[in-house]
Each structure stands twice: as structure tokens, then as C-alpha cells.
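Presented below is the structure to which this report refers.
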Amino acid sequence: MDMFVIQRQNKHSCTGDALRRSPRKRIKLLEDGRMMEEEDEEDAASAEFSHPVPWHKIEAEGLDCDYALLFPKQEADQLLKQLEEEIVYSTGEEATVQLFGKLYNIPRKQATYGDAGVTYTYSGVKRSACPWTPTLNFIRDAVTETTGQTFNFVLVNRYKDGQDHMGEHRDDEKELDPLCPIASVSLGAARDFVFRHRDTRGKQSLRQIEPVKLELAHGSLLLMNPPTNTLWYHGLPVRKKVLLPRINLTFRRIVLDSKK
DNA sequence: ATCATGGCAAAATG
DNA sequence: ACATTTTGCCATGA
């Protein structure tokens with residue numbers, strides 16, 4: 001049985017000054033189903049002294065991640081429910097991949113949202129992102145407030161159960177800002193998540209570096225800091241015992257292509 | 001022994 | 001020029 005070890009953040013070296021306290025806000029659900037944010041009274045007064053997010057630092061050779069619970073369960077439940085109503089996933093050709101001459105359905109559902117004018121390339125086709133939905137916008141703001149990073153794009157992956165998965169890969173598209181961390185928000189069923197160093201893959205790997213495995217919880221935020229994303233692959237393996245859906249949001253910064 | 005899981009190979013595309 | 005993508009098959013282990 002594999003161990004899923006996460007080191008406790010050293011409180012004296014709070015990762016960074018980039019990382020901030022948890023947004024002390026609550027989601028208020030209006031009668032008509034809309035949401036609004038509500039500041040915690042105590043926040044303004046004791047901002048400097050409020051509890052920092054209990055970040056966990058995850059480190060290995062060339063790997064640098066920060067993990068924290070961003071949303072408490074009740075909020076996370078609410079956000080998941082809203083996303084299940086809002087998100088429109090790709091269908092048809094956009095939901096398939098061709099390899100070895102055959103067409104396969106991608107073993108998950110995908111959608112992309114972002115700022116107006118942001119385009120991304122997926123399997124050779126340039127597309128523009130859908131405009132932010134209220135819930136995505138809310139979550140993006142929460143991530144920005146907590147990390148100090150801004151994002152103009154999000155890839156939504158929905159795994160209907162433990163059969164849905166994603167093979168090991170890197171998010172190293174050229175259009176991504178290589179200096180910007182990728183922020184991964186998880187909602188729904190907890191899933192195992194595996195990092196593997198690029199030099200340990202394949203037949204006779206030149207190096208022996210242990211994979212880094214963790215479980216991504218409901219309401220969690222995983223920050224993948226450079227150069228993690230170039231040196232390490234990550235994947236979401238099949239877990240047949242998982243029966244409930246998970247939605248993952250990976251917030252990125254896409255470099256606006258200079259207009260021609 | 002059954003089942004879940006991990007590792008690997010299959011080639012067309014950009 | 002070279003990395004990528006998923007399924008399926010097989011070995012391993014609980």
C-alpha cells in the first residue's frame with residue numbers, strides 16, 4: 001500500500017510571501033440562486049493576525065507545490081452544485097482523441113473558460129475560451145486572493161467517477177506563462193494524484209526518483225510552482241472504488257498572442 | 001483466486 | 001525531430 005505523505009508546512013518559513021491567508025469570506029446563496037460574497041467582520045480588524053492558510057509544502061527534486069484547503073465543506077458543496085449546473089462541456093469531436101488510427105472518447109469531460117480574447121490551442125485547433133461563469137469567477141477571485149497570482153484562463157475537467165481519469169502529462173503548452181504557477185482546485189470526490197519525474201519514465205529510466213503521490217480533497221487547492229510542470233509529469237489514475245464525480249479547475253495564465 | 005493497479009507498447013500527428 | 005495521446009494486455013500484489 002502506497003503512502004500519501006504530505007509534509008507539514010514549516011511555520012517559520014511560510015512559503016512565501018506569495019502565499020496569503022485564506023479568504024475569510026462566505027458565499028451567500030440568494031433566493032433566486034445567485035451568489036454573493038460576504039466579508040467576515042473579524043477579517044478587516046484582525047487581518048494581520050488571522051490564521052494563515054495551513055499550507056502544506058510538497059517538495060522533491062525540481063518539484064515545488066503548495067497544498068491547502070481553500071473552501072470548507074459547506075462552501076465546497078455549494079460550489080460543486082453550482083458548477084454542475086453551470087458548466088457546459090465539450091462534445092463531439094472536441095471530446096475525442098485520435099491515436100493509432102482510432103477515435104476514442106476522452107475519459108473525462110472538458111471545458112474551457114477565460115477572459116475575452118484569450119485563445120488556446122488544443123490538438124492543433126485554435127479556439128477561444130467561453131466567458132467566465134459567476135461561480136468560476138468567484139473561485140478565481142478566491143484563488144487570486146489566496147495566492148497573489150492572477151489567471152485569465154481555466155480548464156475544467158469533470159471525472160464522473162473513478163473510471164474517468166487522465167494519463168500522465170505536463171501542462172507545458174507554449175502559450176502558458178512559464179513563470180506562473182498553475183492553480184488546481186478540486187471539488188467533489190477525493191482522488192489520488194501522482195507526480196512522476198520525467199527522467200524516471202520509460203523502459204530503463206536513467207534515474208530513480210520516487211513518484212510523489214497525494215490525495216486531492218474536496219475544496220482543496222494545489223499550487224504547482226515552476227519548474228514543477230516542466231520536470232514532472234502528473235496524472236489522475238483510475239480508482240474503481242470511487243463512485244462519485246470530481247470537478248477539477250486548473251487556473252492558468254495564457255500569454256495573449258500579440259495581435260497581427 | 002479474484003480483482004485492482006501499474007507498466008509498457010501500439011503510430012499518426014503537429 | 002520529437003513528444004504526445006488512450007487502450008489493452010500482462011505482471012504483480014492484496
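Here is the naming used below: chain letters follow the sequence lines, and residue numbers restart at 1 for every chain. As the structure is a prediction and not an experimental result, all values here were calculated from the model.
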How is K102(A) classified with respect to the nucleic acid when contacts are heavy atoms under 4.0 Å: base, sugar-phosphate, or nothing?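 Since no nucleic acid heavy atom lies under 4.0 Å of K102(A), the category is nothing.
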Out of curiosity, does Y120(A) fall in the hydrophobic cluster containing M166(A) (side-chain heavy atoms, cut-off under 4.5 Å, transitive links)?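 Yes, because M166(A) and Y120(A) connect within a single hydrophobic cluster, where side-chain heavy atoms sit under 4.5 Å apart.
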Do we see a donor-acceptor contact under 3.5 Å between the side chains of [X] and [Y]?
X	Y	value
R198(A)	T200(A)	no
Q78(A)	Q74(A)	no
S184(A)	N248(A)	yes
T135(A)	E86(A)	yes

Any [X] side-chain nitrogen or oxygen under 4.0 Å from OP1 or OP2 of [N]:
X	N	answer
R196(A)	dG7(B)	yes
R239(A)	dG6(B)	yes
H165(A)	dT6(C)	no

Interatomic distance where [atom1] belongs to [X] and [atom2] belongs to [N] [whole Å]:
X	N	atom1	atom2	answer
Y104(A)	dG8(C)	OH	C1'	8 Å
E210(A)	dG6(B)	CD	P	13 Å
Q163(A)	dT5(B)	CD	C1'	12 Å
R108(A)	dT7(C)	CZ	C1'	13 Å
M166(A)	dT6(C)	CE	P	8 Å

Scan nucleotides 2-4 of chain C against the protein and return all N/O pairs shorter than 3.5 Å with their distances rounded to 0.1 Å.
residue, atom, partner, partner atom, Å
dT4(C), OP1, R170(A), NE, 3.3
dT4(C), OP1, R170(A), NH2, 2.8
dT4(C), OP1, Y233(A), OH, 3.3
dT4(C), OP2, Y233(A), OH, 2.5

Axial cation check for W132(A) ring with R140(A), 6.0 Å and 45° limits: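 Satisfied, under 6.0 Å and within 45°.
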State whether Y233(A) and R201(A) meet the cation-pi test: NZ (Lys) or CZ (Arg) under 6.0 Å from the six-membered ring centroid, and within 45° of the perpendicular axis.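 Yes, a cation-pi geometry.
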Please determine if D192(A) and R239(A) form a salt bridge, counting it only when a charged side-chain N lies under 4.0 Å from a carboxylate O.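 Here D192(A) pairs with R239(A) in a salt bridge, since their nearest N and O are under 4.0 Å apart.
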Partner set under side-chain contact (heavy atoms from CB on, under 4.5 Å) for N152(A), not counting sequence neighbours: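 In terms of side-chain contact (heavy atoms from CB on, under 4.5 Å), with neighbours along the sequence ignored, N152(A) is linked to D115(A), V118(A), R253(A), I254(A), L256(A).
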Generate the contact string for nucleotides 9-14 of chain B. Rules: B means base contact, S means sugar-phosphate contact only, - means no protein heavy atom under 4.0 Å. SBB---
Could you please name the option among dT5(B), dT6(C), dG6(B) that lies closest to any side-chain atom of P107(A)?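 Nucleotide nearest to P107(A)'s side chain: dT6(C).
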Select one nucleotide: of dG6(B), dT6(C), dT5(B), the one nearest the side-chain heavy atoms of V97(A).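 Nucleotide nearest to V97(A)'s side chain: dT6(C).
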